[in-house]
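Here the structure is laid out as C-alpha cells; the discussion comes afterwards.
Just so we're on the same page: letters track the sequence lines, and every chain starts at 1.
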Amino acid sequence: MNHATSNAVRAGAARGLLEFRGTFTNPPDLFGYLYMPVLFVVLGFFLSGEEVDGAATNYGAVTYSGGLVLMLIMLGTLAVAQVLAAEREDGTFLRAKAIPHGMLGYGVAKVVHLLSMSAVAVALTVVPGLFLVEGFGPPSWGAALTLVWVCVLGLLAMAPIGATLGALISNPRAVGLMMIPIMALLMLSGVLFPLELLPDWVLTVARALPVYWLGQGVRAGTLPTDYAALELAGAWQLPAVAAVLAAWAVVGSLVALRVLRRMARRESGSRVQAAREKAMKRVL
Amino acid sequence: MTSTPTTRTSRAQAQATDAVAEPVIRVRDLRMSYGSTEVLRGVDFVARRGEVVALLGPNGAGKTTTVEILEGFRKRSGGDVEVLGTDPQHGGEDWRAGLGVVLQSWRDHGRWRVRDLLHHFGRFHAPYSTPDRVRPHDTDELLERVGLAEHAHQRINKLSGGQRRRLDVAIGVVGRPEVLFLDEPTAGFDPRARRDFHDLVHDIVDSDDTTVLLTTHDLDEAEKLADRILVLAGGTIVADGSVEQLSALVERDSEVSWSLHGQRNVHTTDSPARHVAELYAEHGEDLTDLRVSRASLEDVYMELVRRHESGDADEAVHEFAKGIR
C-alpha cells in the first residue's frame, strides 16, 4: 500500500468516525437504529412466560435472539442500500469520485460507520436482554465469543448484498421494494417460525443462504446449550456457520465491488443533476 | 465591456511575455453519440497553462458532455483527448490529483460542518504535495479567502445558496489543481452573487496559474471571466478567440449615441469616426455623453447561432476559423 492509499484509508476511517458521532446528534437517524432493540425487549419480556418444549428456555428468549438476527440482517442490507442509494442521488458519491483515492476513502468510511453503529445497536440489544429477558444470554464465555464473531462475520456477509442492491436501485425511494427479497430471506432464516414447517427443497435453499447460518450462530451464542437439539441438525454446526458466512462475505464482496465500480464509472455531474430535477418534481 | 479587473493584469502580462505556455488540455476531433444522436461531431481545441477558457453555447449543445469527458466521468465515442498529458479515460488517481472539479452541491453532506468537510477533502491531496505546490491549501486560510471563515463551524444545510457555492469552489480548489472545471457555475445566481463569484474565481486561479475551463450560457459571464471564448454549436466549435477577436468577425455597423440639450440620439453607421467628427464640428461643447459601441459579444453569439440554425453552420465554421487563425 503506497502513501496515497494508506492516507486515503486513514482519512476514510476518520470520516466514518465523524459520521458515527454525527448519527448520535441526529434524532431521526438514531431512532432508526434504536427502535428495534426497544421493540424486542418489550416482546421478549412478555413472551418469557411460554416455556419451550425440550429445552430449558422460553419463547421470550428465542424471539429475542431472533430479533437480534433480524436487526443484523436489516443493518447489513436495508441500511447499507439506503445510504448508498441516497448518497448516490445527492452527489456525496460523486464528490468522493472527484478527489484522488476518494472512492477508497468513501468505502472505508462506510465500513467503519456500519461496524461501529452495528456494535452500538447489538450492545443495546444484548445488554438489556441479559437483565430483562429470562433465558437469554450466552451460556458461557465461549458462547459470548461465538456471538461476537458471528455478528461481525454476519454483517460482512450481509453488507455486500445490501451494497449490490443499493447500487442497482437508482431511486432511493424505491429501496422499500427491497423489503420483498429481505422478507423472503428472513422467512428462510428460521427466525420467524421453525424451519421444519417448510418443504425439503426450501430447506435446501435455506442452507445455501447466509441468513440461516447467521440465525444459528446467534442462537448458539445466546441460548442455552441444550437448545441445539431443536436445530435442524440437532446440534450446533459452528464450523459450517463460519464457512458459509465467510464464503458469502468473500464472494459477495467481489460481486459488490464489480457492481459498485460499474455504478461509480457511470456517475457524473449531469446524472446527479438529473436525479435532482426528478426529486424536485416529486416535491412539487 | 472593455473593463478588465485589475487582478488580471499580471496574468495578461505573463501571457504577453511568455506567449506559448504549454497546452494543458488538448482535444482533437472529439465525438460523442448517445444512441443515434450525435451530440459532438468533431470538437477541437487547446487550453494552455494559466488560461481561462469559456465554453459557450446554447442549451443541449454538448457543453456538459465535453466537460464530463475531460473530467474522466464520461466515455467518449471517438477522437483524442488529453488532460495534463493523459487520456482521461485511463487517468488514474495520481492524474486526478491534478484536477479540480467544482460540483453543484445540493443536499449532500448537509449535516457536516463547513470546516470539517473542507478539511476532510483536503486530506486526500496531502500525498501529492510538492515543494513548489504545497497541497492541500490550509483549511482556515482557504475558508477566509472564500468568505466562509465566520461560518466555519456551521452545518452545511444552514448555509445560503451563495455560501454553498463558495464552499463548492473551495472544495474544488483545496488540492491546488492545475486544471479546474466549472460547469455552469452561476446558474440561478443574482447579479451581486455572480459578481462576487467571479472575483473569487479570479483571485483563486490567478495565484496558482490554474487553467480553467468553464461552461456557461451567460455571455456576460464568459466575457468577464475568460481570456478566450469557444462557441460550441451543432456539435463543433464554431468560434475560438478573445471577445475582441470574435466581435471583429461579425461585420456590424457601430452604434453612435449622444446627448444634445438633454435629448438622447442614436445613429448607426459603418464609419463611426467620421460621424463623431461631424457631430463635434456641428455641435462642439454642447455634445455630451458620447458613446460608440461595436457589436457586443451577444450580437456575435446571436449571429453565430442564427447562422448555425439557418443551416450554413459549416460555412460559418470555416469563416470563423479562417478569421482567427
Measure distances from [X] to the heavy atoms of chain B and classify the residue's part below 4.5 Å as side chain, backbone, both or neither.
| X | value |
| --- | --- |
| A:Arg265 | backbone |
| A:Glu267 | backbone |
| A:Leu94 | both |

Does [atom1] in [X] sit with more than 12 non-hydrogen atoms of other residues, nucleotides or ligands closer than 6.0 Å?
| X | atom1 | answer |
| --- | --- | --- |
| A:Phe131 | CZ | no |
| B:Glu144 | CD | no |
| A:Arg261 | CZ | no |
| B:Arg31 | CZ | yes |

Greatest number of heavy atom pairs closer than 4.5 Å to chain B - which of [options]:
| options | value |
| --- | --- |
| A:Met103, A:His101, A:Glu87 | A:His101 |
| A:Glu89, A:Glu19, A:Arg266, A:Gln273 | A:Glu89 |
| A:Ala14, A:Gly22, A:Ala11 | A:Ala11 |

Nearest-0.5 Å distance that lies between atom [atom1] in [X] and atom [atom2] in [Y]:
| X | Y | atom1 | atom2 | result |
| --- | --- | --- | --- | --- |
| A:Leu18 | B:Leu117 | CG | CG | 9.5 Å |
| B:Phe124 | A:Thr5 | CZ | OG1 | 11.5 Å |
| A:His3 | B:Tyr128 | NE2 | OH | 9.0 Å |

With only heavy atoms counted, which part of [X] is less than 4.5 Å from chain A, the side chain, the backbone, both or neither?
| X | result |
| --- | --- |
| B:Trp95 | neither |
| B:Arg155 | side chain |
| B:Arg123 | both |

Residues A:Arg21, B:Asp116: salt bridge by 4.0 Å N-O rule: no
Nearest non-hydrogen partners of B:Arg74 and A:Ser268, listed with the distance: NH2-OG, 3.5 Å
For B:Arg96 against A:Lys97, the heavy-atom pair lying closest together: CD-O, 3.2 Å
Assert top hit (heavy-atom pairs under 4.5 Å, partner chain A, pool B:His109, B:Glu71, B:His125) equals B:His109
Counting heavy-atom pairs under 4.5 Å with chain A, the top scorer among B:Ala97, B:Pro127, B:Gly175 is B:Pro127
B:Glu68 (side chain) donor-acceptor with A:Gly269 (main chain) under 3.5 angstrom: yes
Flag side-chain contact, heavy atom, 4.5 Å: A:Arg95 against B:Leu103: yes
Pair B:Asp108-A:Arg88, salt bridge (charged side-chain N to carboxylate O under 4.0 Å, His left out): steps then yes or no: CA-CA 9 Å; B:Asp108 62 287; A:Arg88 191 151 53 102; over 6 Å; no
